[in-house]
Engineer: 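Take a look at this one; I'll ask things after.
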There are 2 protein chains.
Amino acid sequence: MHHMTIAPKHTLFSQGDEAISLYTITSGTLRLHYDLPDGRRQIVGFAIPGDFLGLSLDPRFGITADALTEVSLCRFERARFMNLIERHPNMMRKMHEVASHELAIAQEHMVVLGRRRAEERVASFLLKWWHRLKRIQGASPTVPLPMGRQDIADHLGLTIETVSRTLARWMRERIILDVPDGVRILDAARLEELLGN
Amino acid sequence: MHHMTIAPKHTLFSQGDEAISLYTITSGTLRLHYDLPDGRRQIVGFAIPGDFLGLSLDPRFGITADALTEVSLCRFERARFMNLIERHPNMMRKMHEVASHELAIAQEHMVVLGRRRAEERVASFLLKWWHRLKRIQGASPTVPLPMGRQDIADHLGLTIETVSRTLARWMRERIILDVPDGVRILDAARLEELLGN
DNA sequence: CGATATCTTGAGCATTTTCAATAGTAGTGG
DNA sequence: CCACTACTATTGAAAATGCTCAAGATATCG
């Protein structure tokens, strides 16, 4: 095991790389994305402290991970880690739990991408990100957004313009407030309403 | 363990149901979907012989599974199966392998939903389904499509009309041929071209 | 402080959806 | 066996959501 740090905009691993390591994040945010040959990009998720990367048993990474902020993480050599697992059977159980939870998250995101309109997608993202941060940073109406507008767009299958316009409208309607490096949620109920629940 | 059969259009389990069982499919096709309260539906995948359902350790199913054709499967009681696993440690490893492979599939589908245009989505679906069947039915240019047009649309985040029009155009262009309960692929290269590879 | 990135905003446009009408297909009962 | 019903698929035309293009504003960083 080995502590390490990567700087913003630096890549931890790329799709196709040999998956010789495995990571857990201790601070910072990463973007996980799949890139098409023509430059189109789909961000499949963002990784935050407590998340694991490289849990799959695939010999190669299917996605690229790069840092949005300064990121601290622990690196484990894959082979060594697998050895450790042999001697701790319910460790594998835990890994499977994490992986199948991620699958559930992925399936929910498919609904967002396949069946939600633009405004719903942005609302879904903001609320989910907010709740996710709540569990590690505690409750607060202020939501840091370390990712840029283009990143949000690439996560939601939209363009940067659509994301920008949607957030701008919500600011005019006092649903959210612009704060440095994020937004403050003024009317969460209104956002949930948009999702039809 | 218990063999069973379900008839077309019948539901194996619904989202929110207690996940007391676990299944492996021996014949037939199922659709796995997530339903929004307003009726919109996202099909997250189709299950075919050899696939497992309910591998997640979640106490409830996140999705609904219903039969497109007559389906035969083996049901395992969850608790009993978990017991079995305790005594066969590399069984859990296998489960994790399957789950993390499904996660990779899900992430690839996110790219389709988020960043592909309509024609690319249909091409991606046809080719992937074709290759998947090839592994269990052997190579053949004829692709059975047990799912309806609406199912394909709900899988690809499109409308039934867009799917229908796309397939109709490909038939006119002799890229595919209409056959009962499926299509025959006449020009696979052309479909792959559409995906830009 | 100038240069480069990112973001915002507007206007026109295109892809895909919506709406509507028709055609095909399967199952049911006279 | 055929009419009747219900469901699914096809096709066209109009509409709309979100995209593209372009310009300006704001922020970031040596």
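Here is the naming used below: chain letters follow the sequence lines, and residue numbers restart at 1 for every chain. Heavy-atom basis, side chains included; hydrogens, waters and symmetry copies ignored.
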Engineer: Identify which one of B/His33, B/Lys9, B/His10 satisfies the side-chain hydrogen bond (donor to acceptor under 3.5 Å, both in side chains) criterion when paired with B/Asp66.
Structural biologist: B/His33
Engineer: Could you tell me the separation between the CG atom of B/Asp151 and the C1' atom of D/dA9, rounded to a whole number of Å?
Structural biologist: 13 Å
Engineer: Can you measure A/Met171 atom CE to C/dT9 atom P for me and round it to whole angstrom units?
Structural biologist: 9 Å
Engineer: Counting only Watson-Crick pairs (N1-N3 plus N6-O4 or O6-N4) and G-U wobbles (N1-O2, O6-N3), all under 3.5 Å, who is the partner of D/dT26?
Structural biologist: none
Engineer: Take the protein atom CD1 of A/Ile152 and the nucleotide atom C1' of C/dT8, then report the distance between them rounded to whole Å.
Structural biologist: 14 Å
Engineer: What integer distance in Å separates A/Arg115:CZ from D/dT17:P?
Structural biologist: 16 Å
Engineer: Determine, stepwise, if the pair B/His155 / B/Phe46 fulfils ring-ring contact (aromatic ring centres under 6.0 Å, His included).
Structural biologist: CA-CA 9 Å; B/His155 185 46; B/Phe46 298 97; 5.2 Å; yes
Engineer: Please confirm whether the shortest side-chain N or O distance from A/Thr159 to OP1 or OP2 of D/dC19 is below 4.0 Å.
Structural biologist: yes
Engineer: A/Asp181 has an atom CG; how far is it from atom C1' of C/dA5, in whole Å?
Structural biologist: 15 Å
Engineer: State which of D/dG18, D/dA9, C/dT8 makes the closest approach to the side chain of A/Thr162.
Structural biologist: D/dG18
Engineer: Looking at C/dT9, C/dT16, D/dT20, which one has an atom nearest to any side-chain atom of A/Ala168?
Structural biologist: C/dT9
Engineer: Rounding to a whole Å, what distance do you find between B/Arg40:CZ and D/dT17:P?
Structural biologist: 13 Å
Engineer: Just wondering, more than 12 heavy atoms not from A/His88 lying within 6.0 Å of its NE2?
Structural biologist: yes
Engineer: Please report, rounded to the nearest Å, how far the P atom of C/dC7 is from the CG atom of A/Asp154.
Structural biologist: 11 Å
Engineer: Quick one, A/Arg75 with A/Ser21, criterion side-chain hydrogen bond (donor to acceptor under 3.5 Å, both in side chains). Give me CA distance, side-chain angles, the key distance, then yes/no.
Structural biologist: CA-CA 6 Å; A/Arg75 190 175 77 78; A/Ser21 297; 2.7 Å; yes
Engineer: Taking the side chain of B/Glu161 as its heavy atoms from C-beta onward, which of C/dT8, D/dG12, D/dA9 lies nearest to it?
Structural biologist: D/dG12
Engineer: Grab the CG-P distance between B/Leu167 and D/dT8 for me, whole Å please.
Structural biologist: 17 Å
Engineer: Both A/Asp178 and B/Leu158 contact DNA chain C. Taking the nearest nucleotide for each, which residue is further toward the 5' end?
Structural biologist: A/Asp178
Engineer: Verify the neighbour count for atom CG of B/Asp38: are there more than 12 heavy atoms of other residues, nucleotides or ligands below 6.0 Å?
Structural biologist: yes
Engineer: At under 4.0 Å between heavy atoms, what does A/Gln150 touch on the DNA or RNA strands: base, sugar-phosphate, or nothing?
Structural biologist: sugar-phosphate
Engineer: OP1, OP2 of D/dT8 versus side-chain N and O of B/Lys9: anything below 4.0 Å?
Structural biologist: yes
Engineer: Is C/dA5 in the syn range, within 90° of 0, or in the anti range?
Structural biologist: syn
Engineer: Does C/dT18 pair with anything, Watson-Crick or G-U wobble, both distances under 3.5 Å, and if so, with which nucleotide?
Structural biologist: D/dA13
Engineer: Name the nucleic acid region contacted by A/Arg165, choosing base, sugar-phosphate or nothing; use a 4.0 angstrom heavy-atom cut-off, strictly under.
Structural biologist: base
